[in-house]
Amino acid sequence: MAETVAKANYKWRVVDIVVAAIIAVASGVIFWGWDIVCAAPIALFEAVTPGFEGLLNGFWLFAGPLAAIIVRKPGAALFSETLAAFLELTLGNQWGVGGSLIVGIIQGLGAEIGFAVFAWRKWNLGTTILSGALAGVGCWAYYWMTNPGWNMLRVSWYLIGSIISGVVIAGLVVWFLHKAIAATGALDRFPSGRSQARV
């Protein structure tokens with residue numbers, strides 16, 4: 001029960017900031033690494049049908065949901081996704097400010113909304129999946145707005161793919177990753193770790 005509906009504690013501690021930042025830095029490096037190798041998979045998926053490449057977006061969406069489900073504080077998803085995107089941009093890639101930082105902020109907002117709709121009180125698989133899905137919607141919204149030439153078929157496929165990718169990678173995978181980390185005892189200073197210990 002504690003993992004589903006938790007008493008709200010909105011105050012950030014130093015350890016919360018540090019852990020959210022560590023998650024962001026690790027995620028930013030992964031984002032950057034994916035930037036290097038993603039061209040071929042994107043081209044392959046796009047060849048199936050334009051917009052289908054949205055299925056690969058989850059590799060840029062997970063920082064926010066992961067930080068939020070571990071730290072469990074308002075703003076954790078937005079903070080981590082934004083910082084990860086900033087690091088990705090700083091390391092250098094083909095997307096520039098818009099395709100790295102700005103889309104990262106929008107994805108972070110989407111991920112944050114997934115927990116905000118429950119007033120940051122529900123920390124379970126369902127809210128993590130919702131967070132990942134809304135991060136995907138944020139990614140889709142940015143690319144739809146910045147590609148006015150896309151037809152509705154491509155827009156639709158990109159939305160569907162981004163949501164599926166967000167649900168699977170930034171939702172399901174993040175949830176089970178957080179459970180695995182908690183099982184090691186590394187999160188004992190967080191509600192996410194203490195709830196695992198009670199199971």
Side-chain angles (χ1 to χ4, degrees), residues 23-24 26-69 77-117 125-177:
I23 291 169
S27 300
V29 172
I30 293 171
F31 291 176
W32 174 72
W34 180 235
D35 293 341
I36 295 171
V37 301
C38 71
I42 286 176
L44 180 63
F45 277 60
E46 191 174 359
V48 175
T49 187
F52 202 58
E53 69 276 13
L55 285 168
L56 300 171
N57 287 337
F59 295 103
W60 289 294
L61 304 176
F62 64 85
L66 181 59
I69 197 62
L78 177 59
F79 171 77
S80 290
E81 192 75 33
T82 300
L83 182 56
F86 177 76
L87 178 60
E88 176 195 10
L89 173 64
T90 303
L91 290 171
N93 62 21
Q94 64 272 45
W95 313 118
V97 174
S100 297
L101 182 58
I102 295 175
V103 72
I105 294 169
I106 297 171
Q107 290 165 180
L109 283 170
E112 193 70 43
I113 289 169
F115 297 99
V117 294
L125 177 59
T127 52
T128 308
I129 287 174
L130 178 61
S131 178
L134 292 178
V137 172
C139 181
W140 162 82
Y142 171 81
Y143 284 103
W144 184 26
M145 289 185 294
T146 55
N147 291 279
W150 282 7
N151 60 37
M152 285 310 297
L153 183 61
R154 180 166 192 164
V155 169
S156 300
W157 272 115
Y158 199 81
L159 173 60
I160 293 167
S162 295
I163 291 174
I164 292 172
S165 189
V167 164
V168 173
I169 297 174
L172 286 169
V173 171
V174 159
W175 173 258
F176 288 109
L177 176 61

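This one's a predicted model, so the numbers in the text were calculated from it and none came from an experiment.
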Exercise for the section: Start with the C-alpha distance between Thr82 and Leu101, add both sets of side-chain angles, then the distance that settles side chain to side chain contact (heavy atoms under 4.5 Å, CB included), and finish with yes or no. Expected result: CA-CA 7 Å; Thr82 300; Leu101 182 58; 4.2 Å; yes

Practice task
For side chain to side chain contact (heavy atoms under 4.5 Å, CB included), just list the numbers for Val103 and Thr146, CA-CA rounded to whole Å, side-chain angles, deciding distance to a tenth of an Å, and then say yes or no.
Solution key: CA-CA 10 Å; Val103 72; Thr146 55; over 6 Å; no

Problem - Nearest-0.5 Å distance, CH2 of residue Trp175 to CG of residue Leu66 - result: 12.0 Å

Exercise for the section: State, to 0.1 Å, how close Gly104 and Ala85 come at their nearest heavy-atom pair, and which atoms those are. Expected result: CA-CB, 3.8 Å

Practice task
Check the pair Trp60, Trp34 against side chain to side chain contact (heavy atoms under 4.5 Å, CB included), reporting the backbone distance first and the verdict last.
Solution key: CA-CA 8 Å; Trp60 289 294; Trp34 180 235; 3.1 Å; yes

Handout entry: Value rounded to 0.5 Å, distance of CG in Leu83 from CD1 in Ile23
Key = 11.0 Å

Problem - Distance, nearest 0.5 Å, that separates CH2 of Trp144 from CE of Met152 - result: 5.5 Å

Practice task
Kindly say whether Val155 contributes a backbone atom to a donor-acceptor pair with the side chain of Trp140 at under 3.5 angstrom?
Solution key: yes

Completion exercise
For Ser162 and Leu61, the nearest pair of non-hydrogen atoms, with its separation, is O-CD1, 4.2 Å

Handout entry: Over all atoms of both residues, closest heavy-atom pair of Gly99 and Tyr143
Key = O-OH, 3.6 Å

Handout entry: Tyr142 side-chain N/O to Gly98 backbone N/O, donor-acceptor pair under 3.5 Å
Key = yes

Problem - Non-hydrogen atoms of Ala170 and Pro65 that approach each other most closely - result: O-CB, 3.2 Å

Handout entry: For Trp95 against Glu88, the heavy-atom pair lying closest together
Key = CD1-OE2, 4.0 Å

Exercise for the section: Taking atom CH2 of Trp150 as the centre, report whether more than 12 heavy atoms of other residues, nucleotides or ligands fall under 6.0 Å from it. Expected result: yes

Handout entry: Side chain Thr90, main chain Phe86, donor-acceptor under 3.5 Å
Key = yes

Problem - Test item: Glu53 side-chain N/O and Gly51 main-chain N/O as donor-acceptor pair under 3.5 Å - result: yes

Practice task
Return yes if some donor-acceptor pair links the side-chain N/O of Glu81 with the main-chain N/O of Gly108 below 3.5 Å, else return no.
Solution key: no

Practice task
Tell me whether the centres of the aromatic rings in Phe62 and Phe31 are closer together than 6.0 Å.
Solution key: yes

Exercise for the section: Drop me the distance from Ser100's OG to Asp35's CG, to the nearest 0.5 angstrom. Expected result: 6.0 Å

Handout entry: Backbone of Cys139 reached by a side-chain donor or acceptor of Gln107 within 3.5 Å
Key = no

Problem - Side-chain heavy-atom pair Cys38, Leu56 within 4.5 angstrom cut-off - result: no

Completion exercise
Nearest heavy-atom approach of Ala24 to Ser80 is CB-O, 3.4 Å

Handout entry: Interatomic spacing from CG in Leu109 to CD1 in Ile105 - rounded to 0.5 Å
Key = 8.0 Å

Practice task
Give the intermediate values and the outcome of side chain to side chain contact (heavy atoms under 4.5 Å, CB included) for residues Phe59 and Ile30.
Solution key: CA-CA 8 Å; Phe59 295 103; Ile30 293 171; over 6 Å; no

Handout entry: From Trp32 atom CH2 to Asn93 atom CG, the distance as rounded to the nearest 0.5 Å
Key = 10.0 Å

Problem - Pair Asn57, Ser165: side-chain N/O donor-acceptor within cut-off below 3.5 Å - result: no

